[in-house]
Q: 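Attaching a single structure in C-alpha coordinates format; questions to follow.
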There are 2 protein chains.
Amino acid sequence: MKLDTLKVACSNCNLRELCMPGGLNLQELQQIDGLVANRQKVPKSGLLFRNGETFQALYAIRTGMFKTAVNTEQGKEQVIGFQMAGEIIGLDGIVEDCHSCDAIALEDSEVCILPMERIDDIAKEVPGLQRHLHKIMSREIVREHGVMLLLGSMRAEERVAAFLLNMVQRLNARGFSSSELVLRMTREEIGSYLGLKLETVSRTFSKLVESGMIEVRNRHVRIVDVDALKELASSCN
Amino acid sequence: MKLDTLKVACSNCNLRELCMPGGLNLQELQQIDGLVANRQKVPKSGLLFRNGETFQALYAIRTGMFKTAVNTEQGKEQVIGFQMAGEIIGLDGIVEDCHSCDAIALEDSEVCILPMERIDDIAKEVPGLQRHLHKIMSREIVREHGVMLLLGSMRAEERVAAFLLNMVQRLNARGFSSSELVLRMTREEIGSYLGLKLETVSRTFSKLVESGMIEVRNRHVRIVDVDALKELASSCN
DNA sequence: CGGTACCTTGAGTCAAATCAACACCAGTGG
DNA sequence: CCACTGGTGTTGATTTGACTCAAGGTACCG
(Lines give C-alpha, C1' and ligand atoms only; values in the text may rest on other atoms or scores of the structure.)
Protein backbone atom coordinates (compact mmCIF):
# COMPACT_ATOMS: atom_id res chain seq x y z
CA MET A 1 0.00 0.00 0.00
CA LYS A 2 1.41 3.33 -1.03
CA LEU A 3 2.04 5.91 1.63
CA ASP A 4 -0.02 8.69 0.18
CA THR A 5 -2.95 6.36 -0.28
CA LEU A 6 -2.71 5.55 3.36
CA LYS A 7 -2.49 9.20 4.14
CA VAL A 8 -5.95 10.07 2.86
CA ALA A 9 -7.80 6.98 4.03
CA CYS A 10 -10.76 7.57 6.33
CA SER A 11 -10.39 4.02 7.65
CA ASN A 12 -7.29 4.91 9.61
CA CYS A 13 -8.09 8.53 10.39
CA ASN A 14 -8.28 9.39 14.06
CA LEU A 15 -11.21 11.73 13.40
CA ARG A 16 -13.32 9.03 11.81
CA GLU A 17 -15.78 8.75 14.68
CA LEU A 18 -16.38 12.48 14.47
CA CYS A 19 -16.98 12.91 10.79
CA MET A 20 -17.82 9.49 9.34
CA PRO A 21 -20.57 7.04 10.24
CA GLY A 22 -19.92 4.36 12.82
CA GLY A 23 -20.88 0.71 12.65
CA LEU A 24 -19.43 -0.01 9.22
CA ASN A 25 -17.94 -3.39 8.34
CA LEU A 26 -14.51 -3.78 6.76
CA GLN A 27 -15.77 -3.74 3.18
CA GLU A 28 -17.83 -0.63 3.75
CA LEU A 29 -14.89 1.06 5.42
CA GLN A 30 -12.79 0.43 2.34
CA GLN A 31 -15.50 1.84 0.12
CA ILE A 32 -15.61 4.94 2.29
CA ASP A 33 -11.90 5.39 1.73
CA GLY A 34 -12.74 6.36 -1.83
CA LEU A 35 -14.53 9.45 -0.59
CA VAL A 36 -11.57 11.69 -0.04
CA ALA A 37 -10.17 12.93 -3.31
CA ASN A 38 -7.47 14.93 -1.70
CA ARG A 39 -6.34 16.92 1.24
CA GLN A 40 -5.87 20.63 1.09
CA LYS A 41 -3.98 22.96 3.37
CA VAL A 42 -5.53 26.34 4.03
CA PRO A 43 -3.30 28.96 5.65
CA LYS A 44 -4.59 31.28 8.35
CA SER A 45 -7.01 33.83 6.83
CA GLY A 46 -7.19 31.76 3.64
CA LEU A 47 -10.51 31.15 1.90
CA LEU A 48 -11.63 27.55 1.43
CA PHE A 49 -14.62 28.66 -0.62
CA ARG A 50 -16.52 31.87 -1.08
CA ASN A 51 -20.05 33.02 -1.72
CA GLY A 52 -21.00 32.54 -5.38
CA GLU A 53 -18.35 29.94 -6.10
CA THR A 54 -19.50 26.75 -7.85
CA PHE A 55 -20.21 23.94 -5.41
CA GLN A 56 -18.22 20.78 -6.05
CA ALA A 57 -17.35 19.18 -2.76
CA LEU A 58 -17.95 19.05 0.94
CA TYR A 59 -14.98 19.53 3.21
CA ALA A 60 -14.13 17.62 6.36
CA ILE A 61 -11.90 19.64 8.64
CA ARG A 62 -8.84 17.65 9.64
CA THR A 63 -6.95 20.23 11.60
CA GLY A 64 -7.50 23.84 12.50
CA MET A 65 -10.61 25.96 12.67
CA PHE A 66 -12.81 27.86 10.26
CA LYS A 67 -15.44 30.53 10.39
CA THR A 68 -18.31 30.62 7.91
CA ALA A 69 -19.94 33.95 7.16
CA VAL A 70 -22.54 35.53 4.91
CA ASN A 71 -22.20 39.05 3.62
CA THR A 72 -24.76 41.80 3.26
CA GLU A 73 -24.94 43.83 0.09
CA GLN A 74 -23.29 46.60 2.11
CA GLY A 75 -20.25 44.42 2.70
CA LYS A 76 -20.95 43.77 6.36
CA GLU A 77 -20.32 40.21 7.42
CA GLN A 78 -22.42 38.01 9.69
CA VAL A 79 -20.53 35.04 11.10
CA ILE A 80 -22.73 31.95 10.84
CA GLY A 81 -20.58 29.53 12.76
CA PHE A 82 -17.14 28.39 13.89
CA GLN A 83 -16.16 24.92 12.72
CA MET A 84 -13.47 22.68 14.12
CA ALA A 85 -11.78 19.35 13.39
CA GLY A 86 -14.14 16.55 12.42
CA GLU A 87 -16.90 18.89 11.26
CA ILE A 88 -18.19 19.08 7.70
CA ILE A 89 -18.58 22.39 5.87
CA GLY A 90 -20.01 23.32 2.51
CA LEU A 91 -23.53 21.96 2.98
CA ASP A 92 -24.96 25.34 2.00
CA GLY A 93 -23.78 24.79 -1.58
CA ILE A 94 -25.95 21.79 -2.37
CA VAL A 95 -29.25 23.58 -3.12
CA GLU A 96 -28.07 25.87 -5.86
CA ASP A 97 -24.81 24.15 -6.80
CA CYS A 98 -23.21 27.31 -5.60
CA HIS A 99 -21.84 28.33 -2.22
CA SER A 100 -23.82 30.95 -0.37
CA CYS A 101 -21.29 31.78 2.32
CA ASP A 102 -17.54 32.18 2.79
CA ALA A 103 -15.36 29.71 4.68
CA ILE A 104 -12.22 31.27 6.13
CA ALA A 105 -9.48 29.56 8.11
CA LEU A 106 -8.89 31.08 11.55
CA GLU A 107 -5.54 29.33 11.81
CA ASP A 108 -3.42 27.15 9.53
CA SER A 109 -5.76 24.30 8.73
CA GLU A 110 -6.18 21.21 6.61
CA VAL A 111 -9.32 19.75 5.08
CA CYS A 112 -10.29 16.54 3.30
CA ILE A 113 -12.02 17.20 0.01
CA LEU A 114 -15.12 15.07 -0.49
CA PRO A 115 -16.38 15.58 -4.06
CA MET A 116 -20.17 15.52 -4.06
CA GLU A 117 -20.24 13.10 -6.99
CA ARG A 118 -18.22 10.56 -5.08
CA ILE A 119 -20.42 10.97 -2.02
CA ASP A 120 -23.52 10.27 -4.09
CA ASP A 121 -21.94 7.29 -5.81
CA ILE A 122 -20.61 5.66 -2.67
CA ALA A 123 -23.79 6.44 -0.73
CA LYS A 124 -25.72 4.35 -3.24
CA GLU A 125 -23.63 1.33 -2.22
CA VAL A 126 -23.28 2.11 1.46
CA PRO A 127 -26.66 2.98 2.98
CA GLY A 128 -24.99 3.90 6.25
CA LEU A 129 -23.23 6.76 4.50
CA GLN A 130 -26.47 8.07 3.09
CA ARG A 131 -28.11 8.13 6.48
CA HIS A 132 -25.01 9.71 7.94
CA LEU A 133 -25.12 12.54 5.42
CA HIS A 134 -28.75 13.14 6.36
CA LYS A 135 -27.80 13.27 9.99
CA ILE A 136 -25.00 15.74 9.37
CA MET A 137 -27.34 18.07 7.53
CA SER A 138 -30.05 17.68 10.13
CA ARG A 139 -27.51 18.40 12.86
CA GLU A 140 -26.55 21.61 11.13
CA ILE A 141 -30.22 22.62 10.96
CA VAL A 142 -30.66 21.95 14.67
CA ARG A 143 -27.46 23.81 15.50
CA GLU A 144 -28.76 26.82 13.64
CA HIS A 145 -32.01 26.63 15.59
CA GLY A 146 -29.91 27.09 18.68
CA VAL A 147 -28.17 30.11 17.23
CA MET A 148 -31.51 31.62 16.27
CA LEU A 149 -32.72 31.14 19.82
CA LEU A 150 -29.58 32.84 21.07
CA LEU A 151 -29.83 35.75 18.65
CA GLY A 152 -33.56 36.13 19.06
CA SER A 153 -33.99 36.05 22.78
CA MET A 154 -30.83 36.19 24.85
CA ARG A 155 -29.09 39.14 26.45
CA ALA A 156 -25.41 39.85 25.95
CA GLU A 157 -24.17 37.99 29.02
CA GLU A 158 -26.28 34.97 28.21
CA ARG A 159 -25.00 34.89 24.64
CA VAL A 160 -21.37 35.04 25.67
CA ALA A 161 -21.87 32.39 28.34
CA ALA A 162 -23.62 30.09 25.87
CA PHE A 163 -20.84 30.67 23.34
CA LEU A 164 -18.07 29.79 25.77
CA LEU A 165 -19.86 26.69 27.01
CA ASN A 166 -20.50 25.52 23.47
CA MET A 167 -16.88 26.00 22.45
CA VAL A 168 -15.42 24.26 25.47
CA GLN A 169 -17.87 21.37 25.16
CA ARG A 170 -16.92 20.77 21.55
CA LEU A 171 -13.22 21.07 22.29
CA ASN A 172 -13.66 18.66 25.16
CA ALA A 173 -15.24 16.14 22.77
CA ARG A 174 -11.96 16.41 20.83
CA GLY A 175 -9.82 15.61 23.80
CA PHE A 176 -9.06 19.10 25.06
CA SER A 177 -9.65 20.50 28.51
CA SER A 178 -13.22 20.95 29.66
CA SER A 179 -12.36 24.16 31.45
CA GLU A 180 -9.74 25.94 29.39
CA LEU A 181 -9.79 27.10 25.81
CA VAL A 182 -7.89 29.28 23.40
CA LEU A 183 -10.10 31.39 21.18
CA ARG A 184 -8.95 31.36 17.59
CA MET A 185 -11.12 34.32 16.60
CA THR A 186 -11.15 38.03 17.37
CA ARG A 187 -13.65 39.78 19.63
CA GLU A 188 -15.16 41.25 16.52
CA GLU A 189 -15.77 37.81 15.01
CA ILE A 190 -17.30 36.58 18.25
CA GLY A 191 -19.46 39.69 18.26
CA SER A 192 -20.60 39.14 14.71
CA TYR A 193 -21.54 35.58 15.53
CA LEU A 194 -23.42 36.60 18.67
CA GLY A 195 -25.09 39.67 17.21
CA LEU A 196 -23.06 42.02 19.41
CA LYS A 197 -20.43 44.70 18.88
CA LEU A 198 -16.85 43.89 19.76
CA GLU A 199 -16.87 46.37 22.64
CA THR A 200 -19.86 44.62 24.13
CA VAL A 201 -18.10 41.25 23.88
CA SER A 202 -15.05 42.70 25.60
CA ARG A 203 -17.12 44.33 28.34
CA THR A 204 -19.10 41.13 28.86
CA PHE A 205 -15.90 39.12 29.25
CA SER A 206 -14.77 41.65 31.86
CA LYS A 207 -18.08 41.36 33.67
CA LEU A 208 -17.87 37.56 33.76
CA VAL A 209 -14.31 37.82 35.06
CA GLU A 210 -15.42 40.23 37.77
CA SER A 211 -18.20 37.91 38.89
CA GLY A 212 -15.67 35.09 39.15
CA MET A 213 -17.08 32.82 36.46
CA ILE A 214 -14.12 32.90 34.11
CA GLU A 215 -10.53 34.06 33.81
CA VAL A 216 -9.34 35.74 30.64
CA ARG A 217 -5.87 36.50 29.40
CA ASN A 218 -5.97 37.65 25.82
CA ARG A 219 -7.51 34.77 23.92
CA HIS A 220 -6.95 32.25 26.64
CA VAL A 221 -10.08 31.62 28.68
CA ARG A 222 -10.43 29.49 31.79
CA ILE A 223 -13.85 28.57 33.04
CA VAL A 224 -13.81 28.81 36.81
CA ASP A 225 -17.46 28.26 37.65
CA VAL A 226 -19.14 26.12 35.00
CA ASP A 227 -22.38 25.84 36.91
CA ALA A 228 -22.82 29.59 37.25
CA LEU A 229 -22.06 29.96 33.57
CA LYS A 230 -24.60 27.28 32.65
CA GLU A 231 -27.14 28.91 34.94
CA LEU A 232 -26.51 32.19 33.14
CA ALA A 233 -26.62 30.70 29.64
CA SER A 234 -29.98 29.09 30.26
CA SER A 235 -31.58 31.84 32.26
CA CYS A 236 -32.89 33.55 29.17
CA ASN A 237 -34.93 36.25 30.86
CA MET B 1 -57.62 2.84 -9.64
CA LYS B 2 -59.27 3.44 -6.30
CA LEU B 3 -60.22 6.94 -5.39
CA ASP B 4 -58.28 7.18 -2.16
CA THR B 5 -55.18 5.91 -3.86
CA LEU B 6 -55.54 8.70 -6.33
CA LYS B 7 -56.08 11.12 -3.52
CA VAL B 8 -52.65 10.71 -1.98
CA ALA B 9 -50.61 10.40 -5.18
CA CYS B 10 -47.81 12.92 -5.64
CA SER B 11 -47.98 12.34 -9.40
CA ASN B 12 -51.23 14.24 -9.69
CA CYS B 13 -50.73 16.73 -6.88
CA ASN B 14 -50.78 20.37 -7.90
CA LEU B 15 -48.00 21.13 -5.41
CA ARG B 16 -45.63 18.60 -6.93
CA GLU B 17 -43.29 21.15 -8.45
CA LEU B 18 -42.95 22.80 -5.07
CA CYS B 19 -42.18 19.83 -2.88
CA MET B 20 -41.06 16.98 -5.15
CA PRO B 21 -38.17 16.77 -7.59
CA GLY B 22 -38.74 17.72 -11.22
CA GLY B 23 -37.54 15.88 -14.30
CA LEU B 24 -38.75 12.43 -13.34
CA ASN B 25 -39.95 9.94 -15.93
CA LEU B 26 -43.27 8.12 -15.65
CA GLN B 27 -41.87 5.12 -13.84
CA GLU B 28 -40.05 7.24 -11.29
CA LEU B 29 -43.19 9.29 -10.74
CA GLN B 30 -45.09 6.15 -9.90
CA GLN B 31 -42.40 5.07 -7.48
CA ILE B 32 -42.62 8.46 -5.80
CA ASP B 33 -46.33 7.93 -5.28
CA GLY B 34 -45.44 5.35 -2.69
CA LEU B 35 -43.90 8.04 -0.50
CA VAL B 36 -47.03 9.39 1.08
CA ALA B 37 -48.38 7.01 3.69
CA ASN B 38 -51.30 9.19 4.56
CA ARG B 39 -52.70 12.64 4.83
CA GLN B 40 -53.42 14.27 8.13
CA LYS B 41 -55.57 17.24 8.99
CA VAL B 42 -54.29 19.56 11.69
CA PRO B 43 -56.76 22.07 13.13
CA LYS B 44 -55.76 25.64 13.91
CA SER B 45 -53.45 25.71 16.97
CA GLY B 46 -52.97 21.94 16.68
CA LEU B 47 -49.54 20.36 17.12
CA LEU B 48 -48.16 18.30 14.24
CA PHE B 49 -45.17 17.25 16.32
CA ARG B 50 -43.46 18.52 19.42
CA ASN B 51 -40.00 18.76 20.87
CA GLY B 52 -38.87 15.42 22.27
CA GLU B 53 -41.29 13.34 20.23
CA THR B 54 -39.85 10.36 18.33
CA PHE B 55 -39.06 11.18 14.72
CA GLN B 56 -40.78 8.97 12.20
CA ALA B 57 -41.69 11.01 9.16
CA LEU B 58 -41.24 14.23 7.28
CA TYR B 59 -44.35 16.23 6.49
CA ALA B 60 -45.20 18.01 3.26
CA ILE B 61 -47.66 20.82 3.84
CA ARG B 62 -50.62 20.50 1.48
CA THR B 63 -52.78 23.33 2.73
CA GLY B 64 -52.52 25.89 5.49
CA MET B 65 -49.58 27.28 7.37
CA PHE B 66 -47.40 26.26 10.28
CA LYS B 67 -44.95 27.83 12.65
CA THR B 68 -41.99 25.92 14.03
CA ALA B 69 -40.57 26.98 17.37
CA VAL B 70 -37.99 25.95 19.94
CA ASN B 71 -38.52 26.49 23.63
CA THR B 72 -36.14 27.68 26.31
CA GLU B 73 -36.01 25.92 29.63
CA GLN B 74 -37.93 28.89 30.99
CA GLY B 75 -40.84 28.14 28.68
CA LYS B 76 -40.23 31.07 26.38
CA GLU B 77 -40.63 30.24 22.72
CA GLN B 78 -38.49 31.31 19.78
CA VAL B 79 -40.23 30.99 16.43
CA ILE B 80 -37.81 29.42 13.94
CA GLY B 81 -39.88 29.80 10.81
CA PHE B 82 -43.28 29.98 9.16
CA GLN B 83 -43.96 27.21 6.65
CA MET B 84 -46.56 27.17 3.92
CA ALA B 85 -47.97 24.81 1.27
CA GLY B 86 -45.37 22.79 -0.61
CA GLU B 87 -42.73 23.09 2.10
CA ILE B 88 -41.30 20.18 4.06
CA ILE B 89 -41.07 20.17 7.84
CA GLY B 90 -39.57 17.80 10.34
CA LEU B 91 -35.97 17.79 9.07
CA ASP B 92 -34.73 18.65 12.55
CA GLY B 93 -35.73 15.19 13.76
CA ILE B 94 -33.31 13.21 11.60
CA VAL B 95 -30.12 13.64 13.67
CA GLU B 96 -31.32 12.28 16.94
CA ASP B 97 -34.44 10.38 15.76
CA CYS B 98 -36.30 12.87 17.89
CA HIS B 99 -37.88 16.21 17.07
CA SER B 100 -36.16 19.23 18.55
CA CYS B 101 -38.86 21.79 17.88
CA ASP B 102 -42.65 22.14 17.85
CA ALA B 103 -44.74 22.45 14.69
CA ILE B 104 -48.04 24.23 15.25
CA ALA B 105 -50.74 24.96 12.68
CA LEU B 106 -51.59 28.65 12.34
CA GLU B 107 -54.83 27.77 10.55
CA ASP B 108 -56.68 24.59 9.67
CA SER B 109 -54.12 22.68 7.64
CA GLU B 110 -53.38 19.39 5.98
CA VAL B 111 -50.10 17.56 5.57
CA CYS B 112 -48.82 14.55 3.66
CA ILE B 113 -46.99 12.10 5.90
CA LEU B 114 -43.72 10.86 4.39
CA PRO B 115 -42.33 8.07 6.61
CA MET B 116 -38.55 8.32 6.69
CA GLU B 117 -38.18 4.60 6.01
CA ARG B 118 -40.09 4.92 2.78
CA ILE B 119 -38.08 7.93 1.75
CA ASP B 120 -34.85 6.01 2.28
CA ASP B 121 -36.16 2.95 0.43
CA ILE B 122 -37.48 4.82 -2.56
CA ALA B 123 -34.46 7.12 -2.70
CA LYS B 124 -32.28 4.03 -3.24
CA GLU B 125 -34.18 3.34 -6.44
CA VAL B 126 -34.73 6.91 -7.55
CA PRO B 127 -31.50 8.89 -7.40
CA GLY B 128 -33.39 12.06 -8.26
CA LEU B 129 -35.25 11.80 -4.98
CA GLN B 130 -32.06 11.42 -3.02
CA ARG B 131 -30.57 14.53 -4.56
CA HIS B 132 -33.84 16.34 -3.99
CA LEU B 133 -33.82 15.52 -0.31
CA HIS B 134 -30.29 16.87 -0.08
CA LYS B 135 -31.40 20.05 -1.77
CA ILE B 136 -34.34 20.50 0.58
CA MET B 137 -32.09 20.17 3.60
CA SER B 138 -29.47 22.44 2.10
CA ARG B 139 -32.17 24.99 1.31
CA GLU B 140 -33.27 24.96 4.91
CA ILE B 141 -29.69 25.55 6.03
CA VAL B 142 -29.36 28.49 3.66
CA ARG B 143 -32.72 29.89 4.75
CA GLU B 144 -31.55 29.81 8.34
CA HIS B 145 -28.37 31.65 7.36
CA GLY B 146 -30.65 34.43 6.16
CA VAL B 147 -32.53 34.49 9.43
CA MET B 148 -29.27 34.61 11.36
CA LEU B 149 -28.18 37.57 9.27
CA LEU B 150 -31.48 39.27 10.01
CA LEU B 151 -31.32 38.57 13.74
CA GLY B 152 -27.65 39.37 14.02
CA SER B 153 -27.37 42.62 12.18
CA MET B 154 -30.62 44.29 11.14
CA ARG B 155 -32.62 46.99 12.88
CA ALA B 156 -36.33 46.63 13.61
CA GLU B 157 -37.58 48.33 10.44
CA GLU B 158 -35.24 46.30 8.27
CA ARG B 159 -36.34 43.06 9.89
CA VAL B 160 -40.03 43.77 9.39
CA ALA B 161 -39.48 44.87 5.80
CA ALA B 162 -37.48 41.72 5.06
CA PHE B 163 -40.16 39.60 6.69
CA LEU B 164 -42.99 41.10 4.65
CA LEU B 165 -41.05 40.81 1.41
CA ASN B 166 -40.17 37.21 2.12
CA MET B 167 -43.77 36.29 2.90
CA VAL B 168 -45.23 37.99 -0.13
CA GLN B 169 -42.60 36.50 -2.41
CA ARG B 170 -43.34 32.98 -1.22
CA LEU B 171 -47.08 33.52 -1.46
CA ASN B 172 -46.61 34.89 -4.95
CA ALA B 173 -44.75 31.72 -5.95
CA ARG B 174 -47.94 29.91 -4.88
CA GLY B 175 -50.17 31.96 -7.10
CA PHE B 176 -51.22 34.68 -4.67
CA SER B 177 -50.89 38.41 -5.10
CA SER B 178 -47.43 39.91 -5.14
CA SER B 179 -48.57 42.96 -3.22
CA GLU B 180 -51.22 41.81 -0.75
CA LEU B 181 -51.08 39.25 1.99
CA VAL B 182 -53.00 38.07 5.01
CA LEU B 183 -50.83 37.30 8.00
CA ARG B 184 -51.82 34.07 9.67
CA MET B 185 -49.81 34.79 12.81
CA THR B 186 -50.06 37.25 15.68
CA ARG B 187 -47.78 40.24 16.19
CA GLU B 188 -46.22 38.33 19.05
CA GLU B 189 -45.32 35.40 16.79
CA ILE B 190 -43.86 37.75 14.21
CA GLY B 191 -41.90 39.42 16.99
CA SER B 192 -40.59 36.12 18.28
CA TYR B 193 -39.44 35.18 14.79
CA LEU B 194 -37.78 38.56 14.23
CA GLY B 195 -36.25 38.88 17.68
CA LEU B 196 -38.51 41.82 18.60
CA LYS B 197 -41.28 42.46 21.11
CA LEU B 198 -44.84 42.58 19.83
CA GLU B 199 -45.12 46.31 20.59
CA THR B 200 -42.10 46.97 18.43
CA VAL B 201 -43.62 44.99 15.57
CA SER B 202 -46.83 46.97 15.88
CA ARG B 203 -45.01 50.30 16.04
CA THR B 204 -42.85 49.36 13.08
CA PHE B 205 -45.92 48.50 11.02
CA SER B 206 -47.33 51.91 11.92
CA LYS B 207 -44.09 53.58 10.89
CA LEU B 208 -44.07 51.80 7.53
CA VAL B 209 -47.69 52.82 7.01
CA GLU B 210 -46.87 56.42 7.85
CA SER B 211 -44.01 56.49 5.38
CA GLY B 212 -46.36 55.16 2.70
CA MET B 213 -44.67 51.82 2.07
CA ILE B 214 -47.52 49.60 3.19
CA GLU B 215 -51.17 49.66 4.23
CA VAL B 216 -52.32 47.59 7.18
CA ARG B 217 -55.79 46.63 8.33
CA ASN B 218 -55.62 44.06 11.09
CA ARG B 219 -53.77 41.13 9.55
CA HIS B 220 -54.29 42.25 6.00
CA VAL B 221 -51.21 43.97 4.57
CA ARG B 222 -50.88 45.66 1.21
CA ILE B 223 -47.46 46.55 -0.09
CA VAL B 224 -47.68 49.97 -1.72
CA ASP B 225 -44.04 50.69 -2.48
CA VAL B 226 -42.09 47.45 -3.01
CA ASP B 227 -38.93 49.22 -4.06
CA ALA B 228 -38.76 51.36 -0.94
CA LEU B 229 -39.38 48.25 1.15
CA LYS B 230 -36.62 46.36 -0.66
CA GLU B 231 -34.30 49.31 -0.26
CA LEU B 232 -35.04 49.27 3.46
CA ALA B 233 -34.67 45.51 3.86
CA SER B 234 -31.23 45.50 2.28
CA SER B 235 -29.92 48.70 3.79
CA CYS B 236 -28.56 46.88 6.82
CA ASN B 237 -26.78 49.80 8.45
C1' DC C 1 12.03 48.45 17.24
C1' DG C 2 8.35 50.48 14.97
C1' DG C 3 3.89 49.62 13.07
C1' DT C 4 -0.46 47.53 12.94
C1' DA C 5 -4.07 44.83 14.43
C1' DC C 6 -6.39 43.81 18.44
C1' DC C 7 -8.35 44.69 22.95
C1' DT C 8 -10.12 47.39 26.95
C1' DT C 9 -12.48 50.99 29.21
C1' DG C 10 -15.15 55.33 29.71
C1' DA C 11 -18.84 58.73 28.53
C1' DG C 12 -22.79 59.79 26.21
C1' DT C 13 -26.60 58.35 22.99
C1' DC C 14 -30.22 55.80 21.10
C1' DA C 15 -33.22 51.98 19.62
C1' DA C 16 -35.90 48.75 21.50
C1' DA C 17 -37.78 46.93 25.83
C1' DT C 18 -40.82 47.62 29.50
C1' DC C 19 -44.79 49.24 31.74
C1' DA C 20 -49.29 50.90 31.24
C1' DA C 21 -53.68 52.26 29.33
C1' DC C 22 -57.07 51.58 26.17
C1' DA C 23 -59.48 50.01 21.76
C1' DC C 24 -61.28 46.26 19.22
C1' DC C 25 -63.35 41.94 18.12
C1' DA C 26 -65.27 37.17 18.53
C1' DG C 27 -67.31 34.13 21.28
C1' DT C 28 -70.07 33.01 25.57
C1' DG C 29 -73.75 32.92 28.32
C1' DG C 30 -77.16 35.21 31.07
C1' DC D 1 -80.20 41.25 22.98
C1' DC D 2 -76.51 42.98 25.65
C1' DA D 3 -72.93 42.50 29.13
C1' DC D 4 -68.86 40.16 29.85
C1' DT D 5 -64.50 38.06 28.91
C1' DG D 6 -60.10 36.93 26.91
C1' DG D 7 -57.20 37.37 23.20
C1' DT D 8 -55.29 40.68 20.24
C1' DG D 9 -53.50 45.12 18.66
C1' DT D 10 -52.22 50.11 19.12
C1' DT D 11 -50.08 53.91 21.26
C1' DG D 12 -47.72 56.71 24.90
C1' DA D 13 -44.21 57.43 28.66
C1' DT D 14 -40.21 55.85 30.63
C1' DT D 15 -36.20 52.92 31.23
C1' DT D 16 -32.31 50.41 29.89
C1' DG D 17 -28.96 47.48 27.56
C1' DA D 18 -26.23 47.73 23.89
C1' DC D 19 -24.18 50.90 20.50
C1' DT D 20 -21.23 54.69 19.20
C1' DC D 21 -17.47 57.47 19.66
C1' DA D 22 -13.14 58.19 21.65
C1' DA D 23 -8.73 57.34 23.95
C1' DG D 24 -5.24 54.41 25.38
C1' DG D 25 -3.08 50.02 26.20
C1' DT D 26 -1.11 45.53 24.66
C1' DA D 27 0.64 41.95 21.78
C1' DC D 28 2.49 40.40 17.76
C1' DC D 29 5.12 40.50 13.33
C1' DG D 30 8.30 41.91 9.91
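All values reported here derive from a predicted model rather than from experimental measurement. In what follows, chains carry the letters A, B, and so on, assigned in the order in which the sequence lines appear, proteins first and then strands, with residues in each chain numbered from 1.
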Q: Rounded to whole Å, how long is the line connecting atom CE of M154(B) with atom C1' of dA16(C)?
A: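 Spelled out: CE on M154(B) to C1' on dA16(C) is 17 Å.
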
Q: Strictly below 4.0 Å: does T200(B) bring a side-chain N or O up to OP1 or OP2 of dA17(C)?
A: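 For T200(B), the contact criterion (side-chain N or O under 4.0 Å from OP1 or OP2 of dA17(C)) is met.
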
Q: What residues, two or more places apart in sequence or in another chain, satisfy side-chain hydrogen bond (donor to acceptor under 3.5 Å, both in side chains) together with N51(A)?
A: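 side-chain hydrogen bond (donor to acceptor under 3.5 Å, both in side chains) list for N51(A), sorted by chain: empty.
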
Q: Compute the bend angle of the helix from dC1(C)-dG30(D) to dG30(C)-dC1(D) from the end axes (five pairs per end), rounded to 10°.
A: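 Rounded value for the end-axis angle: 30°.
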
Q: What heavy-atom pair brings V42(A) and A105(A) nearest, and what distance separates the two atoms?
A: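 The answer is CG1-CB, 3.7 Å.
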
Q: In sequence, state the C-alpha distance, the side-chain angles, and the governing distance for M148(B) and L151(A), and then conclude on side-chain contact (heavy atoms from CB on, under 4.5 Å).
A: CA-CA 7 Å; M148(B) 287 167 68; L151(A) 290 172; 4.2 Å; yes

Q: Do we see a donor-acceptor contact under 3.5 Å between the side chains of E144(A) and H145(B)?
A: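 Yes, H145(B) and E144(A) have a side-chain donor paired with an acceptor closer than 3.5 Å.
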
Q: Return yes if a side-chain donor-acceptor contact under 3.5 Å exists between T68(B) and Q83(B), otherwise no.
A: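 The answer is yes; a qualifying pair exists.
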
Q: If you look at every strand shown and take non-hydrogen atoms under 4.0 Å, does L198(B) touch a base, only sugar-phosphate, or nothing?
A: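 Base, at least one base heavy atom under 4.0 Å.
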
Q: Got a donor-acceptor pair under 3.5 Å from the side chain of R203(B) to the base of dT18(C)?
A: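 Yes, a donor-acceptor pair under 3.5 Å.
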
Q: Near DNA chain C, counting only heavy atoms under 4.0 Å, which residues of residues 204-221 of chain B show up?
A: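 Residues of residues 204-221 of chain B that come under 4.0 Å of DNA chain C do not exist, since none gets that close.
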
Q: Using a heavy-atom cut-off of under 4.0 Å over every strand shown, decide if G191(B) touches base, sugar-phosphate, or nothing.
A: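 Contact class for G191(B): none.
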
Q: Using heavy-atom distances to pick each residue's nearest nucleotide on DNA chain D, tell me which of E199(A) and A156(A) is more 5'.
A: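 Its nearest nucleotide being more 5', the pick is A156(A).
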
Q: From the set dT8(D), dA18(D), dA16(C), return the single nucleotide nearest to any side-chain atom of L196(B).
A: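 Of all the options, the side chain of L196(B) is nearest to dA16(C).
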
Q: List in chain and number order the residues that pass side-chain hydrogen bond (donor to acceptor under 3.5 Å, both in side chains) with R143(A), two or more places apart in sequence or in another chain; answer none if no residue qualifies.
A: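 R143(A): side-chain hydrogen bond (donor to acceptor under 3.5 Å, both in side chains) contacts with E140(A).
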
Q: Y59(B): which residues meet the ring-ring contact (aromatic ring centres under 6.0 Å, His included) condition with it, sequence neighbours left out?
A: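 Partners of Y59(B) under the ring-ring contact (aromatic ring centres under 6.0 Å, His included) test: F49(B).
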
Q: Please list all pairs meeting ring pair (Phe, Tyr, Trp, His ring centres under 6.0 Å) that have one or both residues in residues 204-223 of chain A, counting only residues at least two apart or in different chains.
A: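 Qualifying pairs, neighbours excluded: none.
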
